[in-house]
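Read the structure below first, then the notes.
For the single chain, residues carry numbers from 1 onward in sequence order.
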Amino acid sequence: MTDASALPGQPRGGVLSGPATERAVNVLAPNPSLMTLDGTNTWIVAEPDSDLAVVIDPGPLDDGHLRNVVDTAEKAGKRIALTLLTHGHPDHAEGAARFAELTATRVRALDPALRLGDEGLAAGDVITVGGLELRVVPTPGHTADSLSFHLPADRAVLTGDTVLGRGTTVVAHPDGRLGDYLDSLRRLRSLTVDDGVHTVLPGHGPVLEDAQGAVEFYLAHRAHRLAQVETAVENGHRTPAEVVAHVYADVDRSLWPAAELSVRAQLDYLSEHGLI
């Protein structure tokens, strides 16, 4: 059995659903898979003494899950006042419109197509609900519309799919771009260094207790993969499929289509920088 403290980011053991910090509670969606890990983490965030809450990423269009989120908030004496999206992938956002019906809330997102209401989200926005403060952090790369939410009071950051609780994420080419993703990781690292963030509340997988360690691991992993792709191309593996078969030979083949998206993003990055 592996010691969790030795793993990147120090993932927290135990049940994923339930309280994660003083202000954040996870309701795990019933959509586990190789890509979604244990399922989508739907976050209810609120000040302890407030009766208002914010929900981040309602998750898939599963009425039972959406009602469970509402019930969880109500049992804690909270009314959901606002819905936020980290990005538009269906496992995070497909249920947002139905959730808005159930809660009579607005949905705020970076992508205008995902919004319900007049307000979007932009870098530097500060969202306040019932005394709760969330700061919008742009973290494109996994997708162009990816955002994270800094929760200063808990020294935590909600990362969507930019940093996962287990494993690494996909740079979803062509919408996702590797250069943007590396910049986003550096932006998150600055939160850990300059703003004291130590907890990652991810879109999938367990809570991470060592935010800086997790981000440093991601940066090192990306540098390693990029070097592997560059070497593969130099050795004659020219197509994305050929590079995946060479570089990701130790990865479950069912994940190769997702790996190919990241490889395409890496090939674009190497080409843009004159390295291939």
Could you tell me the separation between the [atom1] atom of [X] and the [atom2] atom of [Y], rounded to the nearest 0.5 Å?
X      : Y      : atom1 : atom2 : answer
Leu185 : Leu219 : CG    : CG    : 4.5 Å
Leu267 : Ser271 : CG    : OG    : 8.5 Å
Asn41  : Asn26  : CG    : CG    : 4.0 Å
Leu270 : Leu275 : CG    : CG    : 5.5 Å

Between [Y] and [X], is there a salt bridge with N-O shorter than 4.0 Å?
X      : Y      : value
Arg23  : Asp154 : yes
Glu272 : Arg177 : yes
Lys75  : Asp71  : no
Glu74  : Arg79  : no
Arg155 : Asp195 : no
Glu260 : Arg264 : yes
Arg135 : Asp125 : no

[Y] backbone acceptor or donor facing [X] side chain under 3.5 Å:
X      : Y      : value
Tyr218 : Leu164 : yes
Lys78  : Ala46  : no
Thr159 : Thr162 : no
Ser190 : Arg187 : yes
Asp57  : Thr86  : yes
Thr128 : Gly131 : no
Glu242 : Thr239 : yes
Gln266 : Ser262 : yes
Trp43  : Pro202 : yes
His65  : Pro58  : yes

Might you point out which heavy atoms bring [X] and [Y] nearest each other, and give the distance in Å?
X      : Y      : result
Val129 : Ala81  : CG1-CB, 3.9 Å
Leu132 : Glu47  : N-CG, 3.4 Å
His87  : Ser146 : CB-OG, 3.8 Å
Ser254 : Leu34  : OG-CD1, 2.8 Å
Ser184 : Pro138 : OG-O, 4.2 Å
Ala211 : Val197 : CB-O, 3.9 Å

Find out whether [X] and [Y] are in side-chain contact, i.e. whether some heavy atom of one side chain is under 4.5 Å from a heavy atom of the other.
X      : Y      : result
Val171 : Arg222 : yes
Pro30  : Asp62  : yes
Pro140 : Asp145 : no
Leu201 : Phe149 : no
Val163 : Thr168 : no

Exercise for the section: Using only heavy-atom distances, determine whether the side chains of Thr83 and Thr105 contain a donor-acceptor pair under 3.5 Å. Expected result: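 The criterion, which ignores hydrogens and geometry beyond distance, is satisfied for Thr105 and Thr83.
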Problem - Derivation and outcome, side chain to side chain contact (heavy atoms under 4.5 Å, CB included), residues Leu188 and Ser148 - result: CA-CA 9 Å; Leu188 290 174; Ser148 295; 4.2 Å; yes
Are [Y] and [X] connected into the same hydrophobic cluster when the rule is that any two of I, L, V, M, F, W, Y join if their side-chain heavy atoms are below 4.5 Å apart?
X      : Y      : answer
Val54  : Val207 : yes
Val107 : Leu82  : no
Val247 : Val233 : yes
Leu7   : Val215 : no
Val70  : Leu52  : no

Handout entry: Check against side-chain hydrogen bond (donor to acceptor under 3.5 Å, both in side chains), Thr40 and Asn31
Key = CA-CA 7 Å; Thr40 300; Asn31 61 334; 3.0 Å; yes
Exercise for the section: Step by step, work out the side chain to side chain contact (heavy atoms under 4.5 Å, CB included) result for Tyr181 and Thr169. Expected result: CA-CA 10 Å; Tyr181 186 66; Thr169 199; 3.1 Å; yes
Exercise for the section: Check the pair Leu84, Leu134 against side chain to side chain contact (heavy atoms under 4.5 Å, CB included), reporting the backbone distance first and the verdict last. Expected result: CA-CA 11 Å; Leu84 305 176; Leu134 289 168; 3.9 Å; yes
Exercise for the section: Determine whether more than 12 heavy atoms belonging to other residues, nucleotides or ligands lie under 6.0 Å from atom CZ of Arg253. Expected result: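 No.
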Exercise for the section: Quick one: sort the His142 and His89 rings into parallel, tilted or perpendicular, breaks at 30° and 60°. Expected result: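 The rings of His142 and His89 stand perpendicular, inter-plane angle above 60°.
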Exercise for the section: Show your reasoning for whether side chain to side chain contact (heavy atoms under 4.5 Å, CB included) applies to Gln212 and His198. Expected result: CA-CA 7 Å; Gln212 184 172 350; His198 61 65; over 6 Å; no
Handout entry: Matching residue for Val55 among Thr42, Thr72, Leu85 - test: side-chain contact (heavy atoms from CB on, under 4.5 Å)
Key =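 The passing option is Thr42.
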Atom pairs and distances, side-chain donor-acceptor, residues 113-121, under 3.5 Å, sequence neighbours left out:
{"unit_1": "Arg115", "atom_1": "NE", "unit_2": "Ala109", "atom_2": "O", "d": "2.9"}
{"unit_1": "Arg115", "atom_1": "NH2", "unit_2": "Leu110", "atom_2": "O", "d": "2.8"}
{"unit_1": "Glu119", "atom_1": "OE1", "unit_2": "Arg106", "atom_2": "NH1", "d": "2.4"}

Exercise for the section: Is it possible for you to check whether Arg225 lies under 6.0 Å from the centre of the six-membered ring of Tyr248, through NZ or CZ, and within 45° of that ring's axis? Expected result: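 That pair qualifies as a cation-pi contact.
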Exercise for the section: Carefully, step by step, assess His173 and Asp268 under the rule side-chain hydrogen bond (donor to acceptor under 3.5 Å, both in side chains). Expected result: CA-CA 9 Å; His173 180 275; Asp268 279 0; 2.9 Å; yes
Practice task
Would you please test His92 and Asp161 for side-chain hydrogen bond (donor to acceptor under 3.5 Å, both in side chains) and show each step?
Solution key: CA-CA 9 Å; His92 293 257; Asp161 282 357; 2.9 Å; yes
Exercise for the section: Test side-chain hydrogen bond (donor to acceptor under 3.5 Å, both in side chains) on His204 and Asp91 and set out the steps. Expected result: CA-CA 10 Å; His204 303 278; Asp91 56 314; 3.0 Å; yes
